[in-house]
Each structure stands twice: as C-alpha cells, then as structure tokens.
Amino acid sequence: MFDGLTGKLGDVFERLKRRGALSESDVKEVMREVRVALLEADVALPVVKDFIAQAGEKAVGQEVLRSVTPGQMVVKIVHDQLVEMLGAEPEPIDLNAPAPVPILMVGLQGSGKTTTTGKLARRLTQRDKKKVLMASLDVHRPAAQEQLRILGEQTGVATLPIVPGEQPVSIAKRAMTVGRLQGYDVVMLDTAGRLHVDEALMTEVASVRDLVQPHEVLLVVDAMTGQDAVNVAKSFKERVGVTGIVMTRVDGDARGGAALSMRAITGCPIKLLGVGEKMDALEDFHPQRIAGRILGMGDVVSLVEKAAETIEKDEAERLAKKMAKGDFDLDDMASQLRQLRKLGGLGGVMGLLPGIGKMKKQLAGANIDEKQLAHQEAIISSMTKKERKDIKLLNASRRKRIAAGSGTTVQEVNRLLKQYQDMSRVMKQMGKSGMLKGMMGGMMGGGGGTPPQLPPGGLGGLGGGGGFPGLPKLPGGKLPPGFGRR
C-alpha cells in the first residue's frame, strides 16, 4: 500500500544523504518535498501541515545541522514524526473485561467486515486460545448470515444458529445469553452495513451498542477508499463511539494516505491490518514497523514473528538435528519450500527486508515468479521415496519422467538438483560450525537465544552458485540488499 510514498521519500532522502553538510535552506527544501510526497499519497492536508510544522522545526535545529551525518538525522526525525502520527505505541485488541467480552464490528457494506470478523475470531481462537462465538446481525444483505456461518465452519469457530426473521437487537441479546450460558470468552457481533453512512444504519448500530455495552467497537474500513475512509471513521466515532480501526485491503495499490490520516484526525488507534484474502492474513498494527516500511527500512521483526508463528517447532527441531548431522534430503528441501510459501513467498519475505524499496524496478526486471516455488515442490513430489533420499539414482531417463510428471522441463529438474546440492553442502558446514543450533534457539525462543541470523551470504548464500530456490538475482548477478550480509 505504501509503495508510492516509499519510492518518493526514498528518492528525497537518497539525495539528502549524499550531501556532506546541510544548511537550513537545504532542510527546508527537503521538507517541501516530503510535504508534496505526503499530499500525493492522499494524506489529509491538516495532517500534512502539522507533520511538516513539527518535523521541520526539529530538522532545522543546531543538533541536526552540526551532526556528523545530518542527512540521516533528518531521516530519523521524519521517522519519529511518522511514528507519532500513527500512534506511537501499538494498541492490541483489549479483552480485559468479564466474559463473555462483546466485540462489535461496524462499517460500510463492502469494507470486508464479515471476512474480518472471521479472521479475528480465528486469530483469537488459535493464537490467544479463547472460546469465541460469532453472530451475524446483518438481516439486510442477502446471505450475509450464511456467509458468516460458512466462515465459522472454515475456521472452526462457533456461530450463533440463524433464526429467520429475527431482528438485529434480538439476535444480539440471544448471542450474549448463549455466550454466558455456554462459557464463551468472546462474543463477536457482525453488524449490517450500508453503501454510505445514513441515519437508519447509525440508529440500528447504536441500539445494539446500548444493549450489549461492547468492550471493543471495531470499525472496518477499506484502505482503497482513500480520504473517504477518514470521513466514515469520523461519522462512526461521533455516533457509535469507535475504540479501534481495522484497515482492510492493505495489500492493494491504495496510496496509504488514509492510514496515515486516520489516527491523527479521529484519535482512534488502528489496531489491525487486513493484508490478504486468506483467513490468516491479519496483522497487528505497529506504528514503529509501519514507519520503517514507509522509509524503506524494512520490518525484520515482523518477518521473524511471522516465521515463529508459521514454522512448526517439532518439525523445525527435527530438521535442525538432521542438518547438524549433515543429513539433508529432498524431502527436507520440500519442507523448506513449503515454509517459505507460508511466509508469503519471496515477495512477502523481500517486502519486509531493509533496502528493498529502492530496488523495485530492478526486482521487476528480475522476473520473480512466485509460482516457481510450487513448481519446485511439484518436481520433488514427482520423485519416488528412494530418489528423494539419494539423487545419485536420478539418471537421464528418470529426470525425463520427473519433468513430465511435474509439468516442467528437464532443465528445471537439473536446476533444482543443483540448488539442492549447494544447499546440502552449506547445511553441512552450518551443522559443523554450530550455527544451526543458534539459529533455531533464536527462532524458537529457546533459552532466550539471540534473534535468528542469516548464514554467511544471507539467503542467497544458502544456494552457493545456484542461490536459494526461487531467489532472484538482480542484473549483473547481484542479490538484493540484506541478502548478502548478516
């Protein structure tokens, strides 16, 4: 979502860092360019004015102008101001109330409210180990209640049985009664939406709010609607009393201004981000990390957290022991490919690495094919168990059979086997040096280990000559920044 803003600010700060010393006029010129970049990203004008006034005042101070690296000091000031504008500290969903905790989901029709209800319920059930009940109060949109019931089946979360003709307030009352009697920790109430804010919608939502006294009122807004999302948030806050905002379609090509304006104008914290269609595509909103992404600093902490959630501890420990013994076969490589896909593929991983924002054009020219990971899994799946254990069995005729079975070419099979040999060699070296143990300890939090480190050469180093499976190389054979060093 922030790609456009990241690119523009990156260009501004790259020019700034190349200058040795800065004058007051230099800093003011940079602030003018930052102002234009924010306005082009659809940030509200009052927010931009406040941002530039506060950041500009700090940036022309003597501390910056006399700094050894004044350019970097200005970047830090802009970063800190972005964090302050976004809310300084993350504010998670608050469940600190007597059970069952009522959570009211509000928003306009088409904002992704029902899907977000399912995502959040799944998250509370799986991550926070809460017993959750979902209830649809939307009696206006056809099949809205049925949609939530199906989401409940998909995520393993209970839904309130549908009673035809029952009105929203009665549904909410029944949901809270069931929640109390059956020992639920959380009751999530998915209210109806409209195509725009109107009196009937607000009256209905306010009636439900007065009845259940929700501990959280989460407004779901579509990031693609731009500044109109801010106006919607203001209306709901005035009439219903919103406690937090969930932004959906953050993975789209919206300019990001709504997110930057939302907190400053409404005073309501952004609590969650919807980053995809899948039911696990929901992230906590961390102002520090979002500011880092906008300024091209990456978000390695989120990447590590996502890895810790995605990687199964038992499987990872089993694999680490095998690697330590130098025993790394193609089944293990397939497991690694699946883990990489769970992390969001190469695009998802690289988007969180520092410096990638500057390389967008080069990466586009490198033709990253996310399907390549699936193709490589298909190649391995087309082998017999014996072949996966011992690649020496793979003569020319077997390679032709594997290529035909996986829908690929013999050249692709050969390339995968070369990558496997390179990875196997590096894994043996890491096992001997004890690096694998340190990496696994950091990733799994074993004994308070240090955060996981990349092996020498970064992810690209895992492939030696061939590179990590599916990892692109930029023109000239270079790897993206962050991949080539620890």
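The residues of the chain are indexed from 1 along the displayed sequence.
- A distance-only check finds a donor-acceptor pair linking the side chain of S261 to the backbone of A44 [under 3.5 Å].
- Between R123 and M279 there is no side-chain heavy-atom pair separated by less than 4.5 Å.
- The CZ atom of R209 lies 11.5 Å from the CG atom of L211; values are rounded to the nearest 0.5 Å.
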Intermediate values then yes/no, side chain to side chain donor-acceptor pair (under 3.5 Å), E204 and H140: CA-CA 12 Å; E204 182 179 295; H140 304 284; 2.9 Å; yes
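- Here the rule is salt bridge (Lys or Arg N to Asp or Glu O under 4.0 Å) with D190, and of K113, R141, K119 only K113 fits it.
- The environment of NZ in K131 is crowded: more than 12 heavy-atom neighbours from other residues, nucleotides or ligands sit within 6.0 Å.
- A side-chain contact (heavy atoms from CB on, under 4.5 Å) with V240 is found for one member of L201, V208, V205 and no other, namely V205.
- The backbone N or O of L151 sits less than 3.5 Å from a side-chain atom of T155, completing a donor-acceptor pair.
- Residues R174 and P161 meet the side-chain proximity criterion, which asks for heavy atoms closer than 4.5 Å.
- Between T266 and A233, the shortest heavy-atom contact is CG2-CB, 3.7 Å.
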Trace of the side chain to side chain contact (heavy atoms under 4.5 Å, CB included) decision for M105 with V220: CA-CA 7 Å; M105 306 293 287; V220 182; 3.9 Å; yes
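- In this structure, the side chains of I265 and V47 come closer than 4.5 Å at one or more pairs of heavy atoms.
- Of the residues listed (E216, E89, E283, E91), the one engaging K271 in a salt bridge (Lys or Arg N to Asp or Glu O under 4.0 Å) is E216, and it is the only one.
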Candidate pair V83 and Q288, rule side chain to side chain contact (heavy atoms under 4.5 Å, CB included), full reasoning: CA-CA 6 Å; V83 172; Q288 289 266 5; 4.1 Å; yes
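- With rounding to the nearest 0.5 Å, the separation of OG in S335 from CE in M333 is 11.5 Å.
- L120 places a side-chain heavy atom less than 4.5 Å from the side chain of L218.
- Checked by atom type and distance alone, the side chain of Q182 never pairs as donor or acceptor with a backbone atom of R180 at under 3.5 Å.
- Looking at I171 and L160, their side chains come closer than 4.5 Å, going by heavy atoms from C-beta outward.
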Side chain to side chain contact (heavy atoms under 4.5 Å, CB included) evaluation trace for F51 with L82: CA-CA 8 Å; F51 182 94; L82 270 176; 4.0 Å; yes
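- Judged by distance alone, the side chain of T248 and the main-chain N or O of S111 form a donor-acceptor pair under 3.5 Å.
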Check against side chain to side chain donor-acceptor pair (under 3.5 Å), Q372 and E412: CA-CA 10 Å; Q372 189 178 352; E412 287 178 285; over 6 Å; no
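- Scanning all heavy atoms of the two residues, the minimum distance from V186 to M188 falls at CG1-CG, 3.9 Å.
- Here CE of M134 is found 11.0 Å from CZ of R149. Values are rounded to the nearest 0.5 Å.
- For the atom pair CD1 of I245 and CG of L219, the computed distance is 6.0 Å after rounding to the nearest 0.5 Å.
- Annotation: side chain of L133 is not in contact with side chain of V157 (no heavy-atom distance under 4.5 Å).
- For the pair T115 (side chain) and G112 (backbone), a donor-acceptor distance under 3.5 Å is absent.
- Between E277 and R249 there is no salt bridge, since no side-chain N of the basic residue sits under 4.0 Å from a carboxylate O of the acidic one.
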Test log, rule side chain to side chain contact (heavy atoms under 4.5 Å, CB included), inputs M85 and Q54: CA-CA 11 Å; M85 181 169 68; Q54 294 177 42; over 6 Å; no
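- At least one side-chain heavy atom of L86 sits less than 4.5 Å from a side-chain heavy atom of F285.
- Counting all heavy atoms, side chain and backbone alike, G179 lies closest to V187 at CA-CG2, 4.1 Å.
- Distance check, rounded to the nearest 0.5 Å: CG of D138 to CG of L148 gives 10.0 Å.
- Using a 4.5 Å heavy-atom cutoff, the side chains of S381 and S406 are not in contact.
- A donor-acceptor pair under 3.5 Å is formed between the side chain of D94 and the backbone N or O of N96.
- Taking both residues in full, the closest heavy atoms of Y184 and V178 are given as CD1-O, 4.0 Å, listed atom of the first, atom of the second, then distance.
- Closest heavy-atom contact between T159 and G152: CG2-CA, 4.0 Å.
- D222 approaches G110 most closely through the heavy-atom pair OD2-O, 4.3 Å.
- Between the CE atom in M176 and the CG atom in L181 there is a gap of 11.0 Å [rounded to 0.5 Å].
- Contact check on R127 versus D280 returns no salt bridge, with no Lys/Arg side-chain nitrogen under 4.0 Å from an Asp/Glu carboxylate oxygen.
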